[in-house]
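When reading the values below, keep in mind they use all heavy atoms of this one structure, side chains included, and skip hydrogens, waters and symmetry mates.
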Amino acid sequence: MRLASSFAIALLTVTVASAQPEPVEVHHIHGLSFDPRDPGALLVATHTGLARIRLGANPEWVGASRFDLMGFTVSPADPGMLYASGHPDLVTYRREGHGNLGLLLSRDGGRTWEGVALRGQTDFHALTYSPDRGGELFGWSVAGQTGLHRISTKTWAAERLPAQGLRDVLALAASHDLPSRVLAGTPGGLLLSQDRGVTWRPVAGIPRDVPVTAVAYSPTEKRLVYAYIARAGYGLMRSDDAGATWRPTELAAKPNEPVVAIAPGPASKVVVATTVASVSVSDDGGRSWRLVLDKGRVPTTR
């Protein structure tokens, strides 16, 4: 079967990579976050599982499963609680017989996962956590029940939203401070919802004909938000007023290496990951940068 074959190849890739002494390589990054339980470490959701990176050290796998984690987000209020979506590894596929995991929950920092909603029905390629109404998740599914879904983290009740004005979502980010406010990066600009995902409109100051490939609110500086605009002259943009106005950082757009994930952290830190699995960190809100991973490997000094 074609699906099983692709999972077998992915699993073989992970097995071979894990057998190598050093360095461990990370490829196909889909999500990024500071570890809520260890701010000195990053959690990286990849095509072949969840990895942890301590700055300056080699990546290490978290847990035994090697799911293709397409969507990924964390709850700042609950350290250890992680949410994800995507596709199973070969072992899980053989046991459960479906290729879409729906919504996954980890209660132990990514070591183990359980399906909590829409199993076999959705494949969220964008996922974000909102503290609104006791905790909600917004996810954009590209398979099965496609479109925008809103899921309660208290009951796991899920509903597919009309999402008027929204399509082809690349990234989602819910405000940690302003109730009902969600941003979406799309191939046609940055869109805003102020009614928990029901209706959407373009964000002023962002071109409407350019891809916005990543967007993220800061969990500590509540009105701080970053967005990556894949066009020369833009790159990583920063807003200090929840998206009302924007200014560029010192991370310029690269035509062949757009940013696919942004992770704001404590003390003015922000981390970005690109399509070629390069990860860079800034300690000063985007004014200066250093490389953490260079195309999946820890940079070597000469």
Within one Ile-Leu-Val-Met-Phe-Trp-Tyr cluster: L161 and V182, side-chain cutoff 4.5 Å: yes
When you compare the side chain of R201 with that of Q194, does any pair of heavy atoms fall below 4.5 Å? yes
What residues, two or more places apart in sequence or in another chain, satisfy salt bridge (Lys or Arg N to Asp or Glu O under 4.0 Å) together with R167? none
Side-chain H-bond candidate by donor/acceptor type, D108 with S106, under 3.5 Å: yes
Report yes or no: does R160 contribute a side-chain atom to a donor-acceptor pair with the main-chain N or O of Q145 at less than 3.5 Å? no
Do L170 and W200 belong together in a cluster built from hydrophobic side chains that touch within less than 4.5 Å? no
Nearest 0.5 angstrom please: F34 CZ to L43 CG, how far? 10.5 Å
Partners meeting side chain to side chain contact (heavy atoms under 4.5 Å, CB included) with S288 (sequence neighbours left out): D284
Could you go step by step and tell me if V270 and I262 meet the side chain to side chain contact (heavy atoms under 4.5 Å, CB included) rule? CA-CA 7 Å; V270 59; I262 306 170; 3.9 Å; yes
Provide the closest heavy-atom pair for G134 versus T153 in the form atom of the first, atom of the second, distance. O-OG1, 3.6 Å
Holding to side chain to side chain contact (heavy atoms under 4.5 Å, CB included), I want the full list of residues that pass it with R94, two or more places apart in sequence or in another chain. L90
Does the side chain of K254 reach to within under 4.5 Å of the side chain of V259, using non-hydrogen atoms? no
Should D78 and R107 count as an ion pair when the cut-off is N to O under 4.0 Å? no
Any donor-acceptor pair under 3.5 Å from H30 side chain to A45 backbone: no
I53 vs V292 side-chain heavy atoms within contact, under 4.5 Å: yes
Passes side chain to side chain contact (heavy atoms under 4.5 Å, CB included), R223 versus S239? Steps please. CA-CA 8 Å; R223 300 298 174 97; S239 173; over 6 Å; no
If you measure from NZ on K295 to CD on E257, what distance do you get to the nearest 0.5 Å? 5.5 Å
For T249 and L236, indicate whether the former's side chain and the latter's backbone hold a donor-acceptor pair under 3.5 Å. yes
With a 4.5 Å cut-off on side-chain heavy atoms, are L32 and V271 touching? yes
So, taking the atom named OH in Y93 and the one named CG in D68, what distance separates them when rounded to the nearest 0.5 Å? 14.5 Å
By salt bridge (Lys or Arg N to Asp or Glu O under 4.0 Å) - contacts of R287 (at least two apart): none
Please check if the side chain of S193 supplies one atom and the backbone of T199 the other of a donor-acceptor pair under 3.5 Å. yes
Any chain of hydrophobic side-chain contacts (each under 4.5 Å) joining Y226 to Y228? yes
So, for P219 and K222, which heavy atoms are closest and what is the spacing to 0.1 Å? O-NZ, 3.0 Å
Heavy-atom pair of closest approach, residues A174 and T128: N-OG1, 3.0 Å
Taking side chain as C-beta onward, heavy atoms only, is V91 less than 4.5 Å from R66? no
If hydrophobic residues (ILVMFWY) are linked whenever their side-chain heavy atoms come closer than 4.5 Å, directly or via other members, who joins V212 in its cluster? L183, L190, L192, V203, I206, V210, V215, Y217, V225, I229, Y234, M237, W246
For S175 and D177, which I'm curious about, is there any donor-acceptor pair between the side chains at under 3.5 Å? no
Is it true that a side-chain atom of T155 and a backbone atom of A157 form a donor plus acceptor pair closer than 3.5 Å? yes
Going from CG on D294 to OG on S278, what distance comes out if it is rounded to the nearest 0.5 angstrom? 5.0 Å
Linking I/L/V/M/F/W/Y whenever any side-chain heavy atoms sit under 4.5 Å apart, do V62 and I29 land together? no
Validation row: V44, F72 side chains within 4.5 angstrom (heavy atoms): no
Residue list, salt bridge (Lys or Arg N to Asp or Glu O under 4.0 Å) with D241, at least two apart or on another chain: none
Heavy-atom closest pair, residues A214 and A261: CB-N, 3.9 Å
Pairwise side-chain contact, T92 with W113, heavy-atom cut-off 4.5 Å (strictly under): no
For a side chain to side chain contact (heavy atoms under 4.5 Å, CB included) check, start with the C-alpha distance between H98 and R119, then their side-chain angles and the critical distance, and finish with the verdict. CA-CA 9 Å; H98 55 74; R119 182 181 299 179; 3.3 Å; yes
Taking it one step at a time, do L50 and W61 satisfy side chain to side chain contact (heavy atoms under 4.5 Å, CB included)? CA-CA 6 Å; L50 183 68; W61 296 115; over 6 Å; no
Go through the steps for R52 and D38 under the test salt bridge (Lys or Arg N to Asp or Glu O under 4.0 Å), then give the verdict. CA-CA 10 Å; R52 178 181 287 110; D38 182 1; 5.6 Å; no
Below 4.5 Å, heavy atoms only, C-beta onward: do E136 and R196 meet side chain to side chain? yes
Rounded to the nearest 0.5 Å, what's the gap from OG on S141 to CD on Q121? Could you check? 9.5 Å
Would you find a donor on one side and an acceptor on the other, under 3.5 Å apart, between the side chain of R290 and the backbone of S280? no
Carboxylate-amine/guanidinium contact D132 R181, below 4.0 Å: no
Heavy-atom closest pair, residues F67 and D89: CD2-N, 3.4 Å
Are F138 and V74 linked, directly or through intermediate hydrophobic residues, by side-chain heavy-atom contacts shorter than 4.5 Å (ILVMFWY only)? no
What closest approach, in Å, do A216 and P264 show between heavy atoms, and which atom pair accounts for it? CB-CD, 3.6 Å
Enter the distance from R238:CZ to S282:OG here, rounded to the nearest 0.5 Å. 9.0 Å
Hydrophobic side-chain clustering at under 4.5 Å (ILVMFWY, transitive links): who's grouped with M70? Put none if nobody. none
Quick one: list whatever passes ring pair (Phe, Tyr, Trp, His ring centres under 6.0 Å) with H176, sequence neighbours left out. none
Which hydrophobic side chains are connected to L291, either touching it within the sub-4.5 Å cutoff or through other members that do? none
A143: partners by side chain to side chain contact (heavy atoms under 4.5 Å, CB included), with sequence neighbours left out: N100, D123
Residue set satisfying side chain to side chain contact (heavy atoms under 4.5 Å, CB included) with P202, at least two apart, ordered chain then number -> L191, R208
Please give the remaining members of the hydrophobic cluster of I151, linking ILVMFWY side chains under 4.5 Å, ordered by chain and number. M81, Y83, L103, L105, V116, L118, F124, L127, Y129, L137, W156
